[in-house]
Amino acid sequence: MTLDEARALDRTDPLARFRDRFALPDGVIYLDGNSLGPLTHASRAAVADCTTRQWGDRLIRSWNEGWIDAPQRIGAKLAPLLGAHPHEVIAGDTTSANLFKALVAALRIDPKRRVIVSELGNFPTDLHIAEGAVACVPGAELRAVPRAQLADALGPDTAVLLLTHVHYKTAERFDMAAWTRAAHDAGALAVWDLSHSVGAVPLDLDGANADLAVGCTYKYLNGGPGAPAFLYVAERWQERLESPLSGWMGHAEPFSFTDRYQPGPGMKRWLVGTPPMLAMASLEAALDLWAEVEMATLATKSAQLFDILAAAGDALGLDCVTPRDPTLRGSHISFRHPHAYALAQALIARGVIGDFRDPDILRLGLTPLYLSHEDVWRAGEHLRGAIEAKEWQEARHQRRLAVT
Ligand SMILES: *Cc1c(COP(=O)(O)O)cnc(C)c1O
């Protein structure tokens with residue numbers, strides 16, 4: 001692709017109008033929206049209002065003026081992006097904490113089923129939390145196997161198939177409906193981690209007959225650093241599962257101040273403690289933008305952006321580990337490179353912000369709401385420049401930072 005061709009695509013881009021909603025710094029091509037989505041003007045204003053007016057002026061009265069219902073209200077705004085009903089989603093806690101609740105609850109359904117099946121190389125917290133969850137349920141165990149052995153690992157002892165829908169390194173995507181069916185055929189529940197899927201690819205949890213799902217809102221959804229996560233529980237499970245984190249916000253009547261725990265109805269029982277309102281305000285404002293986004297349009301542009309960088313990588317002889325078929329991937333592209341860390345740092349020094357995933361992956365996020373085709377074309381030129389000049393050799397690019 002040439003620069004002129006990229007610009008021609010930008011002129012007819014139906015998503016171009018969203019760029020102005022974001023407060024992106026000048027001189028930066030941001031290819032890390034899959035890790036921390038950028039600030040929206042709406043979130044900045046919402047946090048200012050939450051601080052100054054709601055907290056500053058209204059003080060504790062704000063709990064009855066919209067705060068206390070925020071987890072449900074934001075859950076309902078997330079639902080269309082997940083292919084869920086509004087009453088099947090709640091916002092709160094972290095993805096890690098929600099996964100713990102989901103896994104322990106699912107392990108307690110049937111004492112004959114004690115095994116969580118998951119994928120080796122899954123995002124670390126998924127396996128770490130699964131380890132913690134099985135330690136809380138007598139006899140339970142984690143069976144983590146390579147992707148090719150997942151189907152064989154399911155059996156009459158399986159309680160849960162835990163999968164991350166889009167892989168954080170390679171962007172490979174599982175067929176949600178097919179793998180949910182495989183779990184159900186084995187008599188197990190399907191629990192999905194959608195951290196790299198929501199806001200990246202079209203989702204249909206209800207259509208896939210999924211059981212539970214969790215995910216982040218600070219990546220493609222731009223909710224803010226450490227923004228509250230979400231939990232989905234299919235309606236048919238809501239009254240049959242119990243959260244192991246029986247906090248007062250999940251109680252049927254928190255303000256009756258009773259000694260005994262009585263789980264609330266529907267998704268309420270999955271709440272734990274007091275919601276973080278500044279973070280909720282940022283998230284809710286960022287989500288309002290998504291009500292205007294057509295996911296099919298987003299997917300089309302994501303594929304166009306992918307093709308630009310894939311072609312740049314091919315011309316350089318780079319090893320692309322992301323599937324070429326857009327239906328088999330999420331919305332980032334990853335290249336394997338022996339000096340991937342230093343290469344990522346060299347790109348950052350050029351104003352192209354992507355990231356590195358240990359041991360050898362250069363990961364570049366493709367977020368159609370604020371990236372133009374020209375931006376991505378220019379990123380490809382920087383990639384070429386950095387590689388041709390062997391910029392990874394520079395000592396300053398090799399110093400390992402805490403967050404990669
Ligand atoms: C980013 C990510 C997480 C992060 O979990 P936190 O609890 O928010 O730290 C979890 N799972 C996957 C698959 C992720 O990509």
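Heavy atoms only: backbone and side chains are in, while hydrogens, waters and symmetry mates are out. Atoms within a ligand are numbered from 1 in the order they appear, just like the ligands themselves.
- Nearest to atom 14 (C) of ligand 1 by heavy atom, out of His196, Lys219, His167, is Lys219.
- When side chains are defined from C-beta on, His165 counts as touching Leu203, because their heavy atoms get closer than 4.5 Å.
- Interface of Asp193 with ligand 1, defined as ligand atoms under 4.0 Å from a residue heavy atom, comprises 10 (C), 11 (N), 12 (C), 13 (C).
- In this structure, Arg329 is positioned above the aromatic face of Phe306, its NZ or CZ under 6.0 Å from the six-membered ring centre and within 45° of the axis.
- Taking the six-membered ring where tryptophan is involved, the planes of Phe257 and Phe255 are perpendicular, since the angle between them exceeds 60° and thus also 30°.
- With ligand atoms numbered from 1 in the order given, ligand 1 contributes 2 (C), 3 (C), 10 (C), 11 (N), 12 (C), 13 (C), 14 (C), 15 (O) to contacts under 4.0 Å with heavy atoms of Ser195.
- In the model, Asn98 has no side-chain atom that pairs as donor or acceptor with a side-chain atom of Tyr232 under 3.5 Å.
- Which parts of ligand 1 touch Thr164 is read off a 4.0 Å heavy-atom cut-off, strictly below it: atoms 13 (C).
- Side-chain atoms of Thr40 never come within 3.5 Å of backbone atoms of Ala286 as a donor-acceptor pair (strictly under, hydrogens ignored).
- For atom 8 (O) of ligand 1, the nearest non-hydrogen atom from the set Tyr218, Phe100, Tyr168, Phe123 belongs to Tyr218.
- Protein heavy atom nearest atom 7 (O) of ligand 1, with residue, atom name and distance: Ser96 OG, 2.6 Å.
- Taking atom 5 (O) of ligand 1 as the reference point, the nearest protein heavy-atom neighbour is Thr95 CB, 3.6 Å.
- The side-chain tip of Arg147 points at the ring of Phe174 from less than 6.0 angstrom away and within 45° of straight on.
- Exactly one residue among Arg114, Lys112, Arg143, Arg113 makes a side-chain hydrogen bond (donor to acceptor under 3.5 Å, both in side chains) with Asp157. That residue is Arg143.
- Checked against a 3.5 angstrom limit, the closest N/O atoms of Asp126 and ligand 1 fall inside it.
- Listed by number with element, the atoms of ligand 1 under 4.0 Å from a non-hydrogen atom of Thr94 are 7 (O).
- Less than 4.0 angstrom separates some heavy atom of Cys216 from each of these atoms of ligand 1: 1 (C), 2 (C), 3 (C), 4 (C), 8 (O).
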